[in-house]
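One structure is given below, encoded as structure tokens.
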Amino acid sequence: MNDVRVRFCPSPTGNPHVGMVRTALFNWAYARHTGGTFVFRIEDTDSARDSEESYQALVDTLRWLHLDWDEGPEVGGDRGPYYQSQRGELYQRAVDELLARGAAYRDFATPEELQAERDEAKVTGRAFVYSRRWAAETDADAEKFAAEGRAGVVRLKMPREGELVLNDLVRGEVRIAWASEQDHVVQRADGSCLYHLATVVDDHAMQISHIIRAEEHLPNTPRQVFIMQALGYELPAFAHLPYVAEPGSKNKLSKRKLDKYLKNRDFAELVKHGDAIAERMGLAVDADVFNPVIVDFYEQIGFLPDALLNYLLLLGWSLDGEREEFTREEMIELFSLERVNRAPASFDPQKLLAFQDRAMQQLPLKQKTARCLPYLQAAGLVATPPPCDTGPYLSAILTAAGDRVKMAGDVLVYDDFYRADDALVYDEKAWDKRLVKPPAACDLLGRFAEQLETVEPFEAAGIETALKSFVEAEGIKIGDVIHALRVAVTGKAVGFGIFETLEILGRERSLSRIRLALARVAAQSPTS
RNA sequence: GGCCCCGUCGUCUAGCGGUCUAGGACUCCGGCCUUUCACGCCGGCAACACGGGUUCGAGUCCCGUCGGGGUCACCA
């Protein structure tokens, strides 16, 4: 390991968002690429908003994606604790130091008084600059204010002239006037400290060398640099990533705008697909989590983590504009901050799906089987633990289904292979179209079933040969019996190859299903 | 509104002054394959925001305009 140390430091206030994960990915890739250290830190400085569930969701998401961290919660490290809620003493010392050096002051303004100043600035059309009217210059002032029943906070005493020149690793030189910054609060009246202070103190204590974060943080970089300088810290390098935008627009992607995104056709289709899988599993859909903006959504419907990562990697980074597929190892080998784009990138559900599709096609059968099995179990189609012939049977289905199974949850559309013959669910439209309406359908089906009795071995190739000679002898088209056969045997209008379907089902079940279907049609139509 | 960032096909992007009649990918539209569906294959549509400079030459450099966005908390 060298001295490159980067960090991913979310606050546990909700379910991890794809943009957040993209930031984690870039940090992780940079750390692994440089042989540096990837630190995971929990910024839980706001007890009113932080939650244990959110923390757990963060850990679960990172684990699912295999974005492993070298230091942080659950793994420890030399510079812990990695929860800001446990680092209060460090922050207190920093606040004292800031105060002692005149870089911060105690302030006793009430929220109402502050708001009044803001309103006034707004009315007069000027930028708001706090008057520092309730700033306590001395201890005596502080006592006086306190005696009035005012609560004191600590504010940064920001410079009001000059500018900060920042050399951002992705955006180049950025200049921001110090005066455009406010006297931000760094410590609340109850002694707890705020993010800006905490993050700076921790980055220093944890010897972070590169701050790689989303560009939303660019505007508040000056106040952080101010703190670093006031405390005599060496400045880390900054790299502000473009944010991830909504599908088809440049607005920042938000998990709270699901209703709006649903108007986007591609987005709506993804959700619909997910809902269908959830329904087959009997999963109660929680709109907060079952949302394509939330990473957990992909885990639930059976995405491959590497496919999501590969897609996210290309949202703001490119190698050469030609190559788009990268394994985890290749991401590490090829990632660089120099190739990070400056403009925000819109999240495109279709393209994500294309990556998932491709990754699934390349997944070895054994792994594909292992990923799909839990879905069948969740849907109650396969027992837990699974019977011993489950693996080969599922693998046969998956082989026949080929690339039709685009995500693990898709395996549930082949539920008919797991149902008892007399418990098949028929697609009524297909039933009428292929079995009831064509006058000869049942007759043909019945007579082909007789042929099926003697096909030996009962395998796809032989069944196909039998059908072809049957069709030739009858002088009909192959479609005249295939469609009826499919509906009779699977209950569905669509599916993978019918010959493979019959082979997997086996002779007994195939014949049984055909007989059941024939009987059902007969029972349906009054004998003429 | 202040401050800041950004601006190549619908979307993700390549392009670091000439090889750009602008390349790749996803989507979309045709066609082929075919027992349905999916895959696959072939082909097609489609972009340098605008205006000034600089230069022999600008998508590429500079300025301006316009447009889009981020951020302005005792959230992170």
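Chain naming here is simple, since letters A, B, ... match the order of the sequence lines and numbering starts at 1 in each.
rA58(B) and rC48(B) have their C1' atoms separated by 11 Å, with the value rounded to a whole Å. Atom name P, nucleotides rG59(B) and rG1(B): the rounded distance is 32 Å, in whole Å.
Judged by a 6.0 Å distance limit and a 45° cone about the ring axis, Arg132(A) is not positioned over the six-membered ring of Tyr130(A).
For rU35(B), there is no paired nucleotide, since no Watson-Crick or G-U wobble pair has both relevant distances below 3.5 Å. Nucleotide rA22(B) has no partner under the Watson-Crick or G-U criteria, as no pair reaches both atom distances under 3.5 Å. Nucleotide rA58(B) has no partner under the Watson-Crick or G-U criteria, as no pair reaches both atom distances under 3.5 Å. Look at rC28(B): its Watson-Crick or wobble partner, with both distances under 3.5 angstrom, is rG44(B).
A heavy-atom distance below 4.0 Å to RNA chain B is reached by these residues of residues 334-343 of chain A, ordered by number: Arg339(A), Asn341(A), Arg342(A), Ala343(A).
Of the residues Tyr82(A), Trp69(A), Tyr55(A), the one that meets the ring-ring contact (aromatic ring centres under 6.0 Å, His included) test with Phe40(A) is Trp69(A). Across Arg155(A), Arg133(A), Arg160(A), a single residue satisfies salt bridge (Lys or Arg N to Asp or Glu O under 4.0 Å) together with Asp183(A), and that is Arg160(A).
Proximity note for Lys252(A) (side chain, C-beta onward) versus rC12(B), rA38(B), rG70(B): the nearest is rG70(B). Considering only the side chain of Val153(A), rC74(B) comes nearest among rC74(B), rA76(B), rC12(B).
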Check step by step if ring-ring contact (aromatic ring centres under 6.0 Å, His included) holds for Tyr105(A) and Phe145(A). CA-CA 14 Å; Tyr105(A) 60 91; Phe145(A) 285 134; over 10 Å; no
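Scanning atom types as modelled, no donor and acceptor separated by under 3.5 angstrom connect the side chain of Lys406(A) and the base of rA38(B).
Ring geometry for Tyr195(A) against His217(A) counts as tilted: the plane angle lies between 30° and 60°, on a 0 to 90° scale.
Judged as a ring-ring contact (aromatic ring centres under 6.0 Å, His included), and not counting sequence neighbours, Tyr91(A) has no contacts.
Checking the phosphate oxygens (OP1, OP2) of rC75(B), no side-chain nitrogen or oxygen of Thr45(A) falls inside 4.0 Å.
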